[in-house]
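Before we start, here is the structure in question, set down as structure tokens.
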2 protein chains.
Amino acid sequence: MNRVGTQKKILDAAEKLLAHNGYHATTLRAITAEAGVNVAAVNYHFGSKEALLDNVIERRIVPLNSARMEMLESVRADALTRGRRPSVRDLMHAFVAPTISFRDSGKGARNFIALVGRTLGEPPSAVQHSFFRFMEPFIKLMLGSLKEALPELSDDLLLLRFHLSVGMLVYTIRMADESDILGQTRALSDIGNKTIGKSKGGSGVGSKAPAKRPVDTANTTEKLVDEVVNFMTAGMEA
Amino acid sequence: MNRVGTQKKILDAAEKLLAHNGYHATTLRAITAEAGVNVAAVNYHFGSKEALLDNVIERRIVPLNSARMEMLESVRADALTRGRRPSVRDLMHAFVAPTISFRDSGKGARNFIALVGRTLGEPPSAVQHSFFRFMEPFIKLMLGSLKEALPELSDDLLLLRFHLSVGMLVYTIRMADESDILGQTRALSDIGNKTIGKSKGGSGVGSKAPAKRPVDTANTTEKLVDEVVNFMTAGMEA
DNA sequence: GTCTATACAGAGATAGAC
DNA sequence: GTCTATCTCTGTATAGAC
């Protein structure tokens, strides 16, 4: 077996299992069994379980960040040719759209996004460091652009609001998770707003409760992006 | 040792260690050593490590939820006496203020909030279930009130925006964490906006970079609450 | 070089002595 | 109620087969 082949098998298996169960709940033995390799292969090829996680993330985050960076630079270039500064809305869109589009671009990507949503809130925190190391150029350019678009905001306030936006986006992509928090509050809201049902469905049969419908996939990817961008833009400009 | 005394010692030790290291990185042996009891005491008194986590959370979440519920009902009552509906701002304030105030109300509380911020994104997901079970009455009343305040919004959109707000708040309270993500982007922003420094500090000496200042504690608790509420309100009403 | 088999320390859990 | 002994399973390290 050649080197890259084995590594890819391990990475794929790890991405899948880590996304579903989180870091600590996923054992190396489960990963290596799924990949069809020996237990020691992980330590041989990657050095440690944590280094494996790092490699899983790196493999996807690089192209994702390229997409974000491209869109941000495109927004800036477009504004420049019109002799204007990019709008807050366009900037936030360059942040949100590539992320959510990437999430919805395939099963491996969706696994990966779920993994990121989990891992970011979970030790080992070294992952967070490497994660933000990859994002550094984008965040720098983003904050600089936002500062131009919102010159009246103090540095502290701009940074706080940007972080609130990051929190929103992290939470949004976590909606992809099957063990998600959304389903539970959806059930709650269906109970809480029991009077609304009548005006919605129209007359006649088939007015059953659409119980299992997840919040985000109820709309298309584009509509979700638009709604998140709407919220962020309003908050940034508040 | 009497029963409750031992349990309280274990709960205190667990809260402290879990908040700092997360669930899986904290061993029962470390907890029982800190509490000064035997390793088996946890399994005897609580049944399992996960059940211990559940008890740690329950002990704090009940009074916190009472505070939130009280403020929400107070807001609704106040509006009622004036013959009006509660504003979106007042509703979001009843959500945010007790949470952040509680976080800043003492060391144990701060530990707990850091713990919640960690645990919510981390398996075992059973914790999430019990967490939302406690929050259910509040969320139901909150969503109902928001629906009254924003009747033009569809159910889906209202729920999505409320979830984005929850994501923001979760992220906000995680700023309490010493291993937080904010410090890193603060450093980035200090680099990115290097031109601003001049207009800020004034002339002469002492214009060193205020490197270690965390984002949230730069302002008072009240200011942080106000800023988060501002952002949420703008987003909800977008 | 690539991989397997295996040993090892430390984890959570549990049964039973006290 | 408390503690000791012990069980299984984890991540990791290493020796050696191919």
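Sequence lines set the chain letters: A, B, ... in the order given, protein chains first and strands last, and positions in each chain run from 1. These values consider heavy atoms only, across backbone and side chains, with no hydrogens, waters or symmetry-generated copies.
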field: Distance in angstrom units between A:L53 CG and D:dG11 P, rounded
entry: 13 Å
query: Aromatic rings A:F112 and A:F102: how do their planes relate, parallel, tilted or perpendicular, breaks at 30° and 60°?
result: perpendicular
message: Can you confirm whether more than 12 heavy atoms, excluding those of A:K16, are under 6.0 Å from its NZ atom?
response: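 It does not: A:K16 NZ has 12 such atoms or fewer within range.
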message: Quick test of your reading of the model: are B:R161 and B:D156 salt-bridged, counting only N-O distances below 4.0 Å?
response: no
- prompt: Does a side-chain N or O from B:Y44 land closer than 4.0 Å to OP1 or OP2 of D:dG1, or not?
  reply: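 No, outside the criterion.
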task: Specify the residue among B:N43 and A:G36 whose closest nucleotide of DNA chain C lies further upstream toward the 5′ end.
output: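 It is A:G36, whose closest nucleotide lies nearer the 5' terminus.
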message: Need to verify one output field. Residue with the more 5' nearest nucleotide on DNA chain C, B:G47 or A:H45?
response: A:H45
field: Atom-to-atom span, NZ of B:K9 to P of D:dG1 - whole angstrom
entry: 14 Å
task: Check whether any side-chain N or O of A:H24 sits under 4.0 Å from OP1 or OP2 of C:dA11, and answer yes or no.
output: no
Side-chain-base donor-acceptor pair under 3.5 Å for B:R29 and C:dG12: yes
- prompt: Counting side-chain heavy atoms from C-beta on, which of C:dA13, D:dT12, D:dC3 comes nearest to B:A40?
  reply: D:dC3
- line: A:F46 CZ to C:dT2 C1', in whole Å, measures 14 Å
message: Distance check needed: D:dG11 P versus A:L17 CG, whole Å only.
response: 12 Å
- request: For A:L28 and D:dA13, give me the distance from atom CG to atom C1', rounded to whole Å.
  value: 13 Å
- request: Tell me what A:T26 touches on the nucleic acid: a base, only sugar-phosphate, or nothing, going by heavy atoms under 4.0 Å.
  value: sugar-phosphate
message: Between B:V39 and A:V39, which residue's closest nucleotide on DNA chain D lies nearer the 5′ terminus?
response: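 It is B:V39 whose nearest nucleotide is closer to the 5' end.
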query: Could you give the NZ-to-P distance, from B:K49 to D:dC9, as a whole number of Å?
result: 18 Å
- prompt: Are A:D12 and A:R59 within salt-bridge range, i.e. N to O under 4.0 Å?
  reply: yes
- prompt: Given D:dT2, is OP1 or OP2 found less than 4.0 Å from the side-chain N or O atoms of B:T6?
  reply: yes
task: Look at the side-chain N and O atoms of A:N38 and state whether any lies under 4.0 Å from the OP1 or OP2 oxygen of C:dC3.
output: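 So the side chain of A:N38 is outside the cut-off, no N or O lying under 4.0 Å from OP1 or OP2 of C:dC3.
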task: Return the value, rounded to whole Å, for the distance between atom NZ of B:K8 and atom C1' of D:dG1.
output: 20 Å
- request: Measure from the ring center of A:F138 to the ring center of A:F132 and say whether it is less than 6.0 Å.
  value: no
